[in-house]
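Below, each value reflects all heavy atoms present in this structure, side chains not excepted, and no hydrogens, waters or symmetry copies.
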Amino acid sequence: MRSLARVLWSTLAVSAFASGSPASAQDADLAKQLSNPIASLISVPFQFNYDSGFGPNDGDRVTLNIQPVIPISLNEDWNMISRTIVPVVWQEDIVGPSGDQFGLGDTVQSLFFSPKAPGPGGIIWGVGPVFLLPTGTDPLLGSEKWGAGPTGVALKQSGPWTYGILANHIWSFAGDDNRIDVNATFLQPFISYTTPDAWTFALNTESTYDWESESWSVPVNFTVSKLVKFGEHPVSLQAGVRYWAESPGSGPEGFGFRTAITFLFPQK
């Protein structure tokens, strides 16, 4: 597992900064739109994450998150933005000597209803429902619970800066009665800076508070992204590191890493 993670890291980190033709200065606006979770921009990120230190056997995990974002125009004033996260997971000894698992984790589907025009003070916002779908293909890859709750995002873009917060809360309402209920709050404050030549430097946390176990999971992520073009098609390439500032006793520890490639489909 660790050798696979090293291969992914070396391959994607090199390709992130050595592939494609350079983006022109006018593409900075497109790069900046990627910092807005509810931008009117179709994007399909493939995000690789590696974490280690799980449980007494220091298990590790590689996750490919497939995260399509699709805005839908409802009328002249409102958009609905669909954000889906489908995890594909490789993991080893996550719960003591539990062996290897490979397959799908649970899917998280969010729908944000957002005004097309920024509000007072330039605030961009959206609210709506979030759903947890038990698509896990192994008991150690999913909760085996159906869940739902509210989600919301608020942000401001000022010059090269983007800052804001995305949050949701999910309660389980059906599923396997023998599994622990889902009752979790997710908080993602974020800040990013986009340069005129389409580099983006970003810092965020993706914190989760589990109300059942009364425990926090707090990874702090720092990433660097570059918008490039393959022919005429814009693509964002990203690499970065994360540090687990807090996690449950059986959770990941120390440093991990993230790489991603995002395919963009600007609306004409």
Side-chain angles (χ1 to χ4, degrees), residues 23 26-47 65-87 106-133 135 146-171 185-194 198 200 202-207 221 223 225 227 229 232-238 260-268:
Q26 57 263 41
D27 288 324
D29 181 65
L30 188 57
K32 188 176 175 182
Q33 288 187 56
L34 279 174
S35 297
N36 175 3
I38 53 174
S40 185
L41 172 69
I42 297 174
S43 63
V44 184
F46 292 82
Q47 181 195 86
N65 287 321
I66 305 170
Q67 305 179 121
V69 179
I70 303 174
I72 301 168
S73 178
L74 299 178
N75 53 41
E76 293 183 357
D77 300 318
W78 290 85
N79 284 330
M80 181 182 74
I81 295 90
S82 168
R83 291 179 59 88
T84 309
I85 302 176
V86 181
D106 288 345
T107 297
V108 177
Q109 173 66 56
S110 302
L111 298 173
F112 295 91
F113 296 89
S114 175
K116 292 183 177 180
I123 300 298
I124 300 168
W125 61 274
V127 296
V130 59
F131 303 98
L132 176 68
L133 311 179
T135 53
W146 295 86
T151 187
V153 62
L155 66 129
K156 184 171 182 178
Q157 295 189 301
S158 179
W161 292 96
T162 300
Y163 48 91
I165 187 170
L166 184 152
N168 67 46
H169 187 94
I170 296 176
W171 294 273
T185 300
F186 175 78
L187 301 172
Q188 185 183 23
F190 55 87
I191 185 169
S192 66
Y193 181 90
T194 301
T200 298
L203 180 69
N204 72 32
T205 71
E206 297 168 345
S207 303
N221 304 297
T223 58
S225 306
L227 188 76
K229 286 187 175 178
E232 293 300 315
H233 192 85
V235 175
S236 177
L237 301 165
Q238 181 188 84
I261 180 169
T262 301
F263 298 94
L264 310 180
F265 303 91
Q267 298 185 19
K268 299 180 179 179

**Prompt:** Quick one: are T200 and Y193 in side-chain contact, heavy atoms under 4.5 Å?
**Reply:** no
**Request:** Mind checking the CD-CG spacing from Q188 to N221? Nearest 0.5 Å is all I need.
**Result:** 8.0 Å
**Request:** Return yes if some donor-acceptor pair links the side-chain N/O of Q157 with the main-chain N/O of K32 below 3.5 Å, else return no.
**Result:** yes
**Request:** Nearest 0.5 Å please: distance from the CG atom of L30 over to the OG atom of S43.
**Result:** 9.5 Å
**Request:** Can you see which heavy atom on S114 is nearest to which on G126, and at what distance?
**Result:** CB-CA, 4.0 Å
**Prompt:** Do V127 and T151 have side-chain heavy atoms sitting under 4.5 Å apart?
**Reply:** no
**Test item: V235 and I261 side chains (from C-beta on) under 4.5 Å apart, heavy atoms** = yes
**Message:** Closer than 3.5 angstrom, by distance alone: can the side chain of K156 be matched with the main-chain N or O of W161 as a donor-acceptor pair?
**Reply:** no
**Item:** L41 side, atom CG; N36 side, atom CG - distance, nearest 0.5 Å
**Value:** 9.0 Å
**Request:** Please state whether the rings of F263 and H233 are parallel, tilted or perpendicular, taking 30° and 60° as the class boundaries.
**Result:** tilted
**Asked** Can I38 and I124 be said to form a side chain to side chain contact (heavy atoms under 4.5 Å, CB included), step by step?
**Response** CA-CA 8 Å; I38 53 174; I124 300 168; 3.9 Å; yes
**Request:** Would you indicate whether the side-chain heavy atoms of F190 and P37 approach each other to under 4.5 Å?
**Result:** yes
**Request:** Determine, stepwise, if the pair L187 / T205 fulfils side chain to side chain contact (heavy atoms under 4.5 Å, CB included).
**Result:** CA-CA 8 Å; L187 301 172; T205 71; 5.9 Å; no
**Asked** Looking at side-chain heavy atoms only, is the closest gap between P115 and D77 below 4.5 Å?
**Response** no
**Prompt:** Can you check whether F186 reaches L166 side chain to side chain, under 4.5 Å on heavy atoms?
**Reply:** yes
**Request:** State, with a plain yes or no, whether a side-chain heavy atom of D27 is found less than 4.5 Å away from one of P234.
**Result:** no
**Item:** Flag for S35-S192: side-chain donor and acceptor within less than 3.5 Å
**Value:** yes
**Request:** Any chance you could measure L133, atom CG, to W146, atom CH2, to the nearest 0.5 Å?
**Result:** 5.5 Å
**Asked** Would you say the side chain of L155 lies within less than 4.5 Å of the side chain of T162, judging by non-hydrogen atoms?
**Response** yes
**Prompt:** Passes side chain to side chain contact (heavy atoms under 4.5 Å, CB included), S73 versus K116? Steps please.
**Reply:** CA-CA 9 Å; S73 178; K116 292 183 177 180; 2.6 Å; yes
**Name of the residue among N65, T107, D106, I66 meeting side chain to side chain contact (heavy atoms under 4.5 Å, CB included) with I85** = N65
**Request:** Dump the intermediate steps for side chain to side chain contact (heavy atoms under 4.5 Å, CB included) on I170 and V130, then the final yes or no.
**Result:** CA-CA 7 Å; I170 296 176; V130 59; 3.8 Å; yes
**Message:** For the OG1 atom of T194 and the CG atom of L227, what is their distance to the nearest 0.5 Å?
**Reply:** 10.0 Å
**Complete:** Taken to the nearest 0.5 Å, the spacing of F131 CZ from T84 OG1 works out to 11.5 Å
**Asked** Where the side chain of T262 meets the backbone of V44, is there a donor-acceptor pair that is under 3.5 Å apart?
**Response** no
**Item:** Minimum heavy-atom distance between A39 and I81, given as atom pair plus value
**Value:** O-CG1, 4.5 Å
